[in-house]
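Structure record follows, encoded as C-alpha cells.
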Amino acid sequence: MLHLRVISPPDRTDELVRILEADAGVTHITLMRGVAFEPAGDLVQADVAREAGNTVLADVKALGIVEHGGITLGPVTAVLSDAADRAVRAAPGDPSDAVIWEQLLKETHEESSLNATFVAFLTIACLLAAIGVATDSPVTIVGAMVVGPEFGPLAGLSVALVRRNWRLARRSMIALAAAFPIAMVVTLGATLLWEQLGWITTEGVMDAHSVDFIYEVGPFSLVVALLAGAAGMLSLVTAKSAALIGVFISVTTVPAAGYAVVAATLGQWHRAFESAGQLAVNLIGIVVAGVLVLELRPKAGEDKGPVGRFKRAIGMRTVLER
C-alpha cells in the first residue's frame with residue numbers, strides 16, 4: 001500500500017475527505033484540522049492501495065491541492081488491518097502491476113539530472129573501464145558497469161516517451177549527451193598519460209581477449225540490452241531495487257565508451273568504431289525495452305469514464321457486501 005499525506009486548504013478539506021471516502025481503494029482516513037503551519041491548512045492522511053494510487057492522486061490534484069497545499073506519497077512496508085486488506089481487494093488490478101506515474105516521474109526526474117555527482121560517477125566508471133581494457137580484467141569491467149549511473153537518464157527517457165513528458169525527455173538526453181563526452185575526454189587524457197608511462201601498450205590491448213565482448217557487436221548485443229532494459233524498468237516500477245545490480249552488470253554501455261577511448265588513442269579505429277556501435281545499441285535497446293514494459297503493463301488504477309466508474313462502483317459494493 002501507499003501512505004498519502006495531504007496538507008489541504010480548509011475550504012477544500014471536506015471535498016477531499018469525500019473523495020477519499022468514495023474510493024474503495026482508500027482506507028485509514030484521518031483528519032486533523034488546523035494543524036499544518038506551512039503551508040497553513042488541515043492535515044489529511046490515508047492509506048491507498050497501489051492500484052488506486054493514480055486515480056486518487058488525479059482526483060486530489062484536481063482540487064488544486066498542489067498549488068495551495070501539499071501532497072506526500074510514500075510506500076508502506078507493513079500493514080496489519082482487515083480494512084487495508086479489503087481496500088486492496090476492492091481496488092482494480094494487482095498491486096504488483098500498478099505503476100504510480102507521479103512517483104515514477106519524480107524518481108526518474110531526480111536520476112536524470114546533469115550534475116557534478118552524475119558526471120563524477122560516469123567519469124570514474126569510464127576510467128575503470130579503460131583500466132579493465134588495458135589490464136584485460138573482466139572484474140574491473142564489471143566494476144565499471146556497476147558504478148556507471150547511466151541507467152537513470154535512460155529510464156527517465158523511457159518514462160518521458162510514454163507519458164509525453166518532453167521536459168523530462170530533454171533533461172534525460174542532455175544528461176547523457178553532456179556527461180558521456182565529458183567522461184570520455186577525461187578518460188582520454190588519463191589514457192594518454194598511462195600510455196606515456198608505458199602502462200598501456202598497443203600489444204597489451206590487442207591481446208586482451210577476455211574483454212573482446214565489449215566491442216564485438218552482434219545480435220545478442222541488442223537482445224541483452226532489451227532484456228536488461230526490461231528488467232531495469234520492472235525493478236523501478238515494482239521497487240525491486242536488487243534487480244538493478246543485475247541490470248548494471250548486463251549492459252555494455254560504460255565499458256564500450258571506455259574501450260572506444262583506449263582504442264582511439266592507440267589508432268585502433270576499427271575497434272573504436274565497433275565500441276561506439278556497441279554503446280549506441282545498448283543505449284537504444286534499454287530505452288526501447290523500458291518503453292515497451294511501461295506500455296504493456298496493465299494500467300491498473302487509471303480507468304476513466306464510465307468503465308472506470310463502473311469498476312469503482314463494483315469495488316465499493318464488494319466492500320459493503322463483505
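Rounded to the nearest 0.5 angstrom, Asp59 CG and Leu20 CG are separated by 9.0 Å. Atom CD of residue Gln268 and atom CD of residue Glu274 lie 11.0 Å apart, to the nearest 0.5 angstrom. The distance from atom CD1 of Ile131 to atom CD1 of Ile200, rounded to the nearest 0.5 Å, is 8.0 Å. Interatomic distance, CZ of Arg163 versus CG of Leu168, reported as 11.5 Å (0.5 Å rounding). Annotation: the span from Arg171 atom CZ to Glu111 atom CD amounts to 11.0 Å, rounded to 0.5 Å. To the nearest 0.5 Å, atom OG1 of residue Thr123 and atom CZ of residue Phe180 are 10.0 Å apart.
The closest side-chain heavy-atom distance from Leu266 to Glu195 is below 4.5 Å. In this structure, Leu157 and Ile286 have side chains that are not in contact, with every pair of non-hydrogen atoms separated by 4.5 Å or more. When side chains are defined from C-beta on, Leu4 counts as touching Val6, because their heavy atoms get closer than 4.5 Å. Contact annotation: the side chain of Pro10 never approaches that of Arg33 to less than 4.5 Å [non-hydrogen atoms, C-beta and beyond]. Residues Glu203 and Met206 form no side-chain contact, since every pair of their non-hydrogen atoms from C-beta on lies 4.5 Å or further apart. You'll find the side chain of Leu57 stays beyond 4.5 Å of the side chain of Val48, heavy atoms only.
Side-chain atoms of Arg12 come within 3.5 Å of backbone atoms of Leu63 as a donor-acceptor pair (strictly under, hydrogens ignored). Here the side chain of Asn165 pairs no donor or acceptor atom with the backbone of Val159 at under 3.5 angstrom. The closest donor-acceptor contact from the side chain of Asp42 to the backbone of Gly34 lies under 3.5 Å. A donor-acceptor pair under 3.5 Å is absent between the side-chain atoms of Ser137 and the main chain of Val133, judged by distance alone. Put simply, the side chain of Asn282 never gets that close to the backbone of Ala225: no donor and acceptor are under 3.5 Å apart.
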Mind running side chain to side chain contact (heavy atoms under 4.5 Å, CB included) on Leu283 and Val287 for me, showing each step along the way?
-> CA-CA 6 Å; Leu283 293 177; Val287 173; 5.8 Å; no

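The side chain to side chain contact (heavy atoms under 4.5 Å, CB included) with Asp136 is formed by just one residue from the set Asp207, Val205, Val211; it is Val211.
The two residues Ser81 and His28 come nearest to each other via the heavy atoms OG-NE2, 2.8 Å. In terms of heavy-atom proximity, Ile141 sits nearest to Ala129 at CD1-O, 3.5 Å. Nearest heavy atoms, Ala183 versus Thr187: O-OG1, 2.7 Å. When every heavy atom of Ser8 is checked against every heavy atom of Ile65, the shortest pair comes out as OG-CD1, 3.8 Å. Nearest approach of Leu128 to Ala144, heavy atoms of both residues: CB-CB, 3.8 Å. Nearest heavy-atom pair across His3 and Asp47 is ND1-OD1, 2.9 Å.
Hydrophobic clustering (ILVMFWY, side-chain heavy atoms < 4.5 Å, transitive): Tyr215 and Val224 are in distinct clusters. Linking ILVMFWY residues whenever their side-chain heavy atoms come closer than 4.5 Å, directly or via other members, places Met233 and Trp101 in the same cluster. Cluster annotation: Ile29 and Leu31 are assigned to the same hydrophobic cluster (Ile/Leu/Val/Met/Phe/Trp/Tyr, side-chain heavy-atom contacts under 4.5 Å, transitive). In the hydrophobic cluster analysis, where Ile, Leu, Val, Met, Phe, Trp and Tyr join through side-chain heavy atoms closer than 4.5 angstrom, Val79 is grouped together with Val88. One hydrophobic cluster, built from ILVMFWY side chains closer than 4.5 Å, holds both Val291 and Leu236.
Ring geometry for Trp194 versus Trp199: interplanar angle under 30°, hence parallel rather than tilted (30 to 60°).
Side-chain heavy-atom separations under 4.5 angstrom define the hydrophobic clusters, and the remaining members of the one that includes Val281 are Val217, Leu222, Leu226, Ile284, Val288, Leu292.
Other residues, nucleotides and ligands contribute at most 12 non-hydrogen atoms within 6.0 Å of the CZ atom of Phe273. Counting non-hydrogen atoms of neighbouring residues, nucleotides and ligands closer than 6.0 angstrom, the CD atom of Gln196 reaches no more than 12 such neighbours.
Here Ser172 pairs with Ser112 under the side-chain hydrogen bond (donor to acceptor under 3.5 Å, both in side chains) rule; sequence neighbours left out.
Comment: Glu15 engages Arg18 in a salt bridge, judged by a side-chain N to carboxylate O separation of less than 4.0 angstrom.
No side-chain N or O of Thr252 forms a donor-acceptor pair with one of Gln278 less than 3.5 Å apart.
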